[in-house]
Peer 1: 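Here it is, the structure, as structure tokens.
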Number of protein chains: 4
Amino acid sequence: MARTATAQSATTADLPISRKPGRPRDARCDQAILAATLDIVREGGVVGLSIDAVAARAGVGKATIYRRWSSKEALVLEALQADTEPIDVPDYGNLRRELETYFDQLIERFASSGSSDVLPHLIEAACYDAEVRASLDEYIKQRQKPLVAILRRASQRGDLSPDVDRNVMVEVLVGPVIYRRLLTGGRIDRPFVRKLLDLVLSAG
Amino acid sequence: MARTATAQSATTADLPISRKPGRPRDARCDQAILAATLDIVREGGVVGLSIDAVAARAGVGKATIYRRWSSKEALVLEALQADTEPIDVPDYGNLRRELETYFDQLIERFASSGSSDVLPHLIEAACYDAEVRASLDEYIKQRQKPLVAILRRASQRGDLSPDVDRNVMVEVLVGPVIYRRLLTGGRIDRPFVRKLLDLVLSAG
Amino acid sequence: MARTATAQSATTADLPISRKPGRPRDARCDQAILAATLDIVREGGVVGLSIDAVAARAGVGKATIYRRWSSKEALVLEALQADTEPIDVPDYGNLRRELETYFDQLIERFASSGSSDVLPHLIEAACYDAEVRASLDEYIKQRQKPLVAILRRASQRGDLSPDVDRNVMVEVLVGPVIYRRLLTGGRIDRPFVRKLLDLVLSAG
Amino acid sequence: MARTATAQSATTADLPISRKPGRPRDARCDQAILAATLDIVREGGVVGLSIDAVAARAGVGKATIYRRWSSKEALVLEALQADTEPIDVPDYGNLRRELETYFDQLIERFASSGSSDVLPHLIEAACYDAEVRASLDEYIKQRQKPLVAILRRASQRGDLSPDVDRNVMVEVLVGPVIYRRLLTGGRIDRPFVRKLLDLVLSAG
DNA sequence: GATTAACCGAGACGGTACGTCACGTCTTTAA
DNA sequence: TTAAAGACGTGACGTACCGTCTCGGTTAATC
């Protein structure tokens, strides 16, 4: 995914167990490159990230990077995916409470990450690079999963009308938060989330 | 705004008619530069925009650009502002109808502009450059004005509970649209807007 | 010669029939590599020749080439030697006529080969690589043999004073031709050769 | 000459004294670049010369070099030309003696320069690059001038038959020396020169 | 009318990063 | 052990922009 498509699974192989000829890619390189990428991004953002720098820090040739990722954004995305674990919300049997728990964790994450330039940069890159576009979509989808699960549970419970399009619901919940973060630069805190939930859940 | 503050109009001048010594700036340069900027952005997006290119296209020295704008983002922002006129929605006496009208126009604009990289780029630039940050905020504020007006009218009319934080309301309405545009890449059309309004206005 | 000395014939072997263990080298590889080398050199000169390209064209791994030749110059030299056959001049009993015949053939060869970059490249390579130096010297020596033979015959005949250092004579004859070819880029044709022989043989 | 043709004389200018617009090239850059080039070549030959290295040593951007010279060979040639002064031989009224003096100096130069790779490299480069070809021809022509002068004097004096093509004579004298230097690697010393002159001047 | 100061075009300048290419070596499976 | 394939670290390539800096020349207001 966003990886340069070379070492794909042997779809057309005659035998069940086949191998690509030639020297296989060294997994330690992947590790080193991803680690170096995260380091540099954390230090100076995506702007401070150059392929030269990653190569130098990882002790790796530039070609070794380009062999695996087609752009630095694809690289950053993969590094990011490997680094973040999904937000987990237990089943409280109460939609509002679960959403508050979810957003509390989200608030914390945003707070700790500062005003990173990673997401904006990836969004921009996705405009030009279809591969990044796809990877970013996938990344977003993964990160939305917990929220989708919360809503699904609420539907089954009857806390949420079955008429509601859950995808749109997700967007209505997350959209304003992202909007604040990216555009207005407003504070993302409990009062904001409460007002947001008030507005969106008032129908229930 | 975002203009390099050197030759601004003499707002605080002691004398009614004062002038800076030396040759005054040529207004035709401003025009040529902004026009060239819009051309290039429309052709190749902000990525295809370099100061060298703008200077060449406008038939202008690079210094003439740097004398007026501190960065290419400030330049793009000003070019953009000069180019877009605000969405206008008449007073129908009906919140839902006014919002639908507003979003219809928004949909049309998004459709005609394709998937431009301008906004993402500015968002990213705003991460590093405080001046761009301020200009972008101002730009957003301007573009939100019609929506704010719609909500204010509704409040006065009683269509909207006075408890509702109108700023948050704006964010809840616009956020999901921006979210789709920037992140999920989903379609921004009438069905989407209808579902969005259903969700947000259901309390009313 | 210039071959990587690993699998040479067992000249000093104790037993009449001995064999190295392991898989023997495939002679078809030598052929394919040399052929590919000549092809590429003829198409794009030595500049267009990379080991990667030779390997790809010959359908051979790079290691298979490095196992046999220590450098691409050694490879080119061997390919060249296999490709060129010595100039042959019959005994006319007349030094001047024999030399003219020799140079006629030389002119023809130069004409047909265009202004190849092979010799210049090898000369340069010989500056850094002692092995190439030796191989090139050997190659030159081989190609001078017919000329040396002509001069020896002339000496025996008495057409050439025994005081003359035949090696220097060779250099005086060939030097100017090479000089033109490599440095001044002047035409190498019959009038030039005639003037050259007039000058050098005027003593006789 | 071999210079990137940008700052040529104003052939088509209306006025006798015209100037190119824009900031003029900085002559100190030329100096610094040529000096750095000579340094590096003397240390590690042309192989050790990279544009990056020259730029670094000269404290100059790479573009500043590429703006002036189209290739590193053109650069080396100009550096060389600026560095070498012509061999000077007084009028002794005796062809043989003058030639011996000339070659003595030539021997000394070769001896002091070691077995440089500069000339071989330039010869090879001249195969691909017409500009280098022209510059090299010009360089050779300049360096031959003293020898041509010697022969002209001899002609006027009557020491040299007017039938002799002086250009060919130059090639017959210099060719063998170059041939030794480049190809056979033989010693270039007084005995060799004496034999050479014996052969070539025996007609006189 | 001369001076002065900021403007203008053009383009050179020191940098930084780019993505590609070839090098010669190493690591895999298979013969 | 050789073979094909190809990954590996290295290092140079030539290009594109960056933002700054000289140039000669222009255009007003001030002296």
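In what follows, chains carry the letters A, B, and so on, assigned in the order in which the sequence lines appear, proteins first and then strands, with residues in each chain numbered from 1.
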Peer 1: Look at the side chain of D:Ala63 and decide which nucleotide, out of E:dT28, E:dG15, E:dC18, has an atom nearest to it.
Peer 2: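 Nearest to the side-chain atoms of D:Ala63, counting from C-beta on, is E:dG15.
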Peer 1: When you get a sec, tell me which of F:dG14, E:dC18, E:dC13 is the closest nucleotide to the side chain of A:Ser50?
Peer 2: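 In terms of side-chain proximity for A:Ser50, the closest of F:dG14, E:dC18, E:dC13 is E:dC18.
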Peer 1: Which residue lies toward the 5' end of DNA chain F, D:Lys72 or C:Cys29, if each is placed at its nearest nucleotide?
Peer 2: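 By nearest-heavy-atom nucleotide position, the 5'-most residue is C:Cys29.
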Peer 1: When you measure from the side chain of B:Thr64 to the backbone of B:Val60, do you find a donor-acceptor pair of N or O atoms at a distance under 3.5 Å?
Peer 2: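 Flag not set: sc B:Thr64 to bb B:Val60 has no pair under 3.5 Å.
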Peer 1: What nucleotide, of E:dA17, E:dC8, E:dG14, holds the atom closest to the side chain of D:Val60?
Peer 2: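 Of the options given, the side chain of D:Val60 lies nearest E:dG14.
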Peer 1: Is it the case that over 12 heavy atoms from other parts of the model lie below 6.0 angstrom from the CD atom of C:Glu43?
Peer 2: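 Above 12, so yes.
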Peer 1: More 5' along DNA chain E: B:Gly61 or D:Gly61, using each one's nearest nucleotide?
Peer 2: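 The residue whose closest nucleotide sits nearer the 5' end is B:Gly61.
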Peer 1: Which listed nucleotide (F:dC13, E:dG15, F:dG9) is nearest to the side chain of D:Asp52?
Peer 2: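 For D:Asp52, the side-chain atoms sit closest to F:dC13.
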Peer 1: State whether the side chain of B:Lys72 and the backbone N or O of B:Ser50 hold a donor-acceptor pair below 3.5 Å, judged by distance alone.
Peer 2: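 The answer is no, because no donor-acceptor pair under 3.5 Å joins these two groups.
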Peer 1: Tell me which nucleotide among F:dC17, F:dT10, E:dT27 gets nearest to the side chain of A:Arg23.
Peer 2: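 Closest nucleotide among those given: E:dT27.
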Peer 1: Taking CD1 from B:Ile65 and C1' from F:dT20, how many angstroms apart are they, rounded to a whole number?
Peer 2: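 To the nearest whole Å, that distance equals 14 Å.
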Peer 1: Over how many whole Å does the gap from A:Arg25 atom CZ to F:dC8 atom P extend?
Peer 2: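 Rounding to the nearest Å, CZ of A:Arg25 and P of F:dC8 are 6 Å apart.
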Peer 1: B:Arg28 CZ to E:dC7 P: how many Å, rounded?
Peer 2: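 For the pair B:Arg28 CZ and E:dC7 P, the rounded distance is 16 Å.
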Peer 1: Please tell me which of D:Ala53 and C:Asp26 maps to the more 5' nucleotide of DNA chain F, matching each residue to the nucleotide holding its nearest heavy atom.
Peer 2: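 Here C:Asp26 is the residue nearer the 5' end.
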Peer 1: Return the nearest nucleotide to the side chain of D:Thr64; candidates are E:dC13, F:dA3, F:dC21.
Peer 2: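 Looking only at side-chain atoms, D:Thr64 lies closest to E:dC13.
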Peer 1: Could one point to a donor on the side chain of D:Lys62 or the base of F:dG14 with an acceptor on the other under 3.5 Å away?
Peer 2: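 Yes, a donor-acceptor pair under 3.5 Å.
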Peer 1: Can you check the B:Leu49 CG to F:dA16 P distance for me, whole Å?
Peer 2: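 Result: 16 Å.
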Peer 1: C:Arg68 CZ to F:dA4 P: how many Å, rounded?
Peer 2: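 Spelled out: CZ on C:Arg68 to P on F:dA4 is 8 Å.
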Peer 1: Counting side-chain heavy atoms from CB outward, which of F:dC18, F:dG14, F:dC13 is closest to B:Ile51?
Peer 2: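 Of all the options, the side chain of B:Ile51 is nearest to F:dC18.
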Peer 1: Using whole Å, what does the distance between atom C1' of nucleotide E:dG15 and atom CZ of D:Arg57 come to?
Peer 2: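 The answer, rounded to whole Å, is 20 Å.
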Peer 1: Is there a donor-acceptor pair under 3.5 Å between the side chain of C:Asp117 and the backbone N or O of C:Val46?
Peer 2: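 Yes, C:Asp117 side chain to C:Val46 backbone: donor-acceptor pair under 3.5 Å.
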Peer 1: Starting at atom CZ of A:Arg67, determine the distance to atom P of F:dA7, rounded to an integer number of angstrom.
Peer 2: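 Distance, rounded to whole Å: 6 Å.
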Peer 1: How many whole angstroms separate atom OH of B:Tyr66 from atom P of E:dC13?
Peer 2: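 Rounded to the whole Å, the gap is 18 Å.
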Peer 1: Answer yes or no: is there an ion pair linking D:Arg25 with D:Asp30, defined by an N-O contact shorter than 4.0 Å?
Peer 2: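 So D:Arg25 does not pair with D:Asp30 through a salt bridge.
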